[in-house]
Amino acid sequence: MSEEILIAPGVYYYPEYFDRLLQETLRDEILSHANNLGWFQPTLPRWGTPFSVKMFNFGSLGWVSDKSGYRYQPTHPDSGTKWPPIPIHLLRLWSSLRKRFDRLERGFDKSATDTQDSISDNQNDTFDSPEACLINYYGSNAKMGLHQDRDEQDLSAPVISVSLGDSALFRIGTAERKGPTQSLKLHSGDVLMFGGSARLAFHGIDRIYPDTSSLLSEGGRINLTLRRVTKPAAKIF
DNA sequence: AAGTCACT
DNA sequence: AGAT
């Protein structure tokens with residue numbers, strides 16, 4: 001496992017989790033699908049004001065927003081096409097860090113169960129695989145105001161996010177809008193995970209630092225967020 | 001208000 | 001630039 005840094009209760013930072021080769025693999029898979037089916041531009045409920053970021057999704061359910069509201073749906077809002085499957089490297093990331101999070105939350109010592117800490121898949125993982133992978137593309141002037149991820153029925157699983165491309169200034173606070181915040185500079189390949197007491201923490205992107213990465217030829221930043229949406233089915237032995 | 005702008 |  002790469003370095004693990006506790007930012008706040010329930011907020012974990014893994015700098016340089018993905019090496020350059022894996023970043024390139026993820027980039028290629030994301031861009032081929034998103035450019036093929038098309039990015040969509042989310043708009044604010046009621047007002048219809050467009051976001052500055054472009055979006056796309058992988059997985060059985062994708063997050064979308066328009067005048068009707070925020071919601072998860074299995075199809076692209078423009079074409080009605082089903083979202084492509086979540087890339088294998090992201091499923092592995094989820095499997096690994098989701099287990100890690102449970103142990104950290106339950107207060108277990110890592111060494112006690114380390115031999116079980118495999119990133120390999122097995123049938124028991126299906127019940128807890130990520131259903132949604134939202135992809136946000138930030139141009140050099142794009143921002144994302146402070147908000148909560150609260151459109152999921154199941155808030156017990158953490159949110160896991162991956163940064164690709166240009167660096168960004170990320171800010172995260174508490175579950176209260178007026179709570180104190182901390183800023184963190186995220187770089188290409190970094191992973192951030194927040195859940196438990198931080199699952200409803202307000203967070204956002206204050207700015208993108210242009211030309212700080214060569215990963216994306218057109219510049220900008222791609223952020224991937226893996227989430228559980230529906231209540232997981234009961235595990236039966 | 002997952003926006004945009006303002007102020008310290 | 002960075003924090004709010």
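First the proteins, then the strands, lettered A, B, ... as listed; each starts at 1. All values reported here derive from a predicted model rather than from experimental measurement.
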Atom-pair distance ([atom1] on [X]; [atom2] on [N]), nearest Å:
{"X": "A:Q41", "N": "B:dA2", "atom1": "CD", "atom2": "C1'", "result": "13 Å"}
{"X": "A:L134", "N": "B:dA2", "atom1": "CG", "atom2": "C1'", "result": "10 Å"}
{"X": "A:K67", "N": "B:dA2", "atom1": "NZ", "atom2": "P", "result": "18 Å"}

Which label fits A:W83 and A:F40: parallel for a plane angle under 30°, tilted from 30 to 60°, or perpendicular past 60°?
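Rings of A:W83 and A:F40: tilted, 30 to 60°.
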Should the pair A:F101 and A:Y12 be assigned to parallel (<30°), tilted (30 to 60°) or perpendicular (>60°) ring geometry?
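Geometry flag for A:Y12 against A:F101: perpendicular rings.
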Does a donor on one side chain and an acceptor on the other come within less than 3.5 Å for A:W63 and A:D151?
yes
Side chains of A:R20 and A:S214, donor plus acceptor under 3.5 Å:
yes
May I have all residue pairs that pass ring pair (Phe, Tyr, Trp, His ring centres under 6.0 Å) and include part of residues 139-161 of chain A, sequence neighbours excluded?
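Listed by first then second residue: A:H147-A:H203.
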Is atom CD of A:E24 surrounded by more than 12 heavy atoms (other residues, nucleotides or ligands) closer than 6.0 Å?
yes
Is it the case that over 12 heavy atoms from other parts of the model lie below 6.0 angstrom from the CG atom of A:N141?
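Atom CG in A:N141 is not crowded, with 12 or fewer foreign heavy atoms closer than 6.0 Å.
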Looking at A:E152 and A:R199, is there a salt bridge between them, counting it only when a charged N and a carboxylate O are closer than 4.0 Å?
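Answer for the salt bridge query: yes.
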Is any NZ, NE, NH1 or NH2 atom of the basic residue among A:E131 and A:R227 found under 4.0 Å from an Asp or Glu carboxylate oxygen of the other?
no
Using purine N1 to pyrimidine N3 plus N6-O4 or O6-N4 for Watson-Crick, or N1-O2 and O6-N3 for G-U wobble, both under 3.5 Å, which nucleotide pairs with B:dG3?
none
Just checking [X]: base, sugar-phosphate only, or nothing, at a heavy-atom cut-off of under 4.0 Å?
{"X": "A:F202", "result": "nothing"}
{"X": "A:D151", "result": "base"}
{"X": "A:R171", "result": "base"}

Could you give all pairs that pass the salt bridge (charged side-chain N to carboxylate O under 4.0 Å, His left out) test and reach residues 157-185 of chain A, with sequence neighbours left out?
A:R171-A:D206
B:dC5 to B:dA1 separation - C1' atoms, rounded to the nearest Å
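So the two C1' atoms sit 13 Å from each other.
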Option from A:Q23, A:R221, A:H187 for which side chain to side chain donor-acceptor pair (under 3.5 Å) with A:S163 holds:
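Checked A:Q23, A:R221, A:H187 against A:S163; only one passes side chain to side chain donor-acceptor pair (under 3.5 Å): A:R221.
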Please give me every residue in residues 172-194 of chain A whose heavy atoms get under 4.0 Å of an atom in DNA chain C, ordered by residue number.
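Hits under 4.0 Å, by residue number: A:T181, A:S183.
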Pairs counted only when both distances fall under 3.5 Å, Watson-Crick or G-U: show me the 5' to 3' dot-bracket for DNA chain C, [ ] for pseudoknotted crossings and | for other-strand partners.
...|
Considering all heavy atoms of both residues, which atom of A:H76 and which atom of A:F56 are nearest to each other, and what is their separation?
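Closest heavy-atom pair between A:H76 and A:F56: CD2-CE1, 4.1 Å.
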Scan nucleotides 3-8 of chain B nucleotide by nucleotide, 5' to 3', and note B when protein non-hydrogen atoms come under 4.0 Å of the base, S if they reach only the sugar-phosphate, - if neither.
SS----
First contact, last contact: which nucleotides of DNA chain C are these for chain A, 5' to 3', heavy-atom distance under 4.0 Å?
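Range of nucleotides within reach of chain A: C:dA1 to C:dT4.
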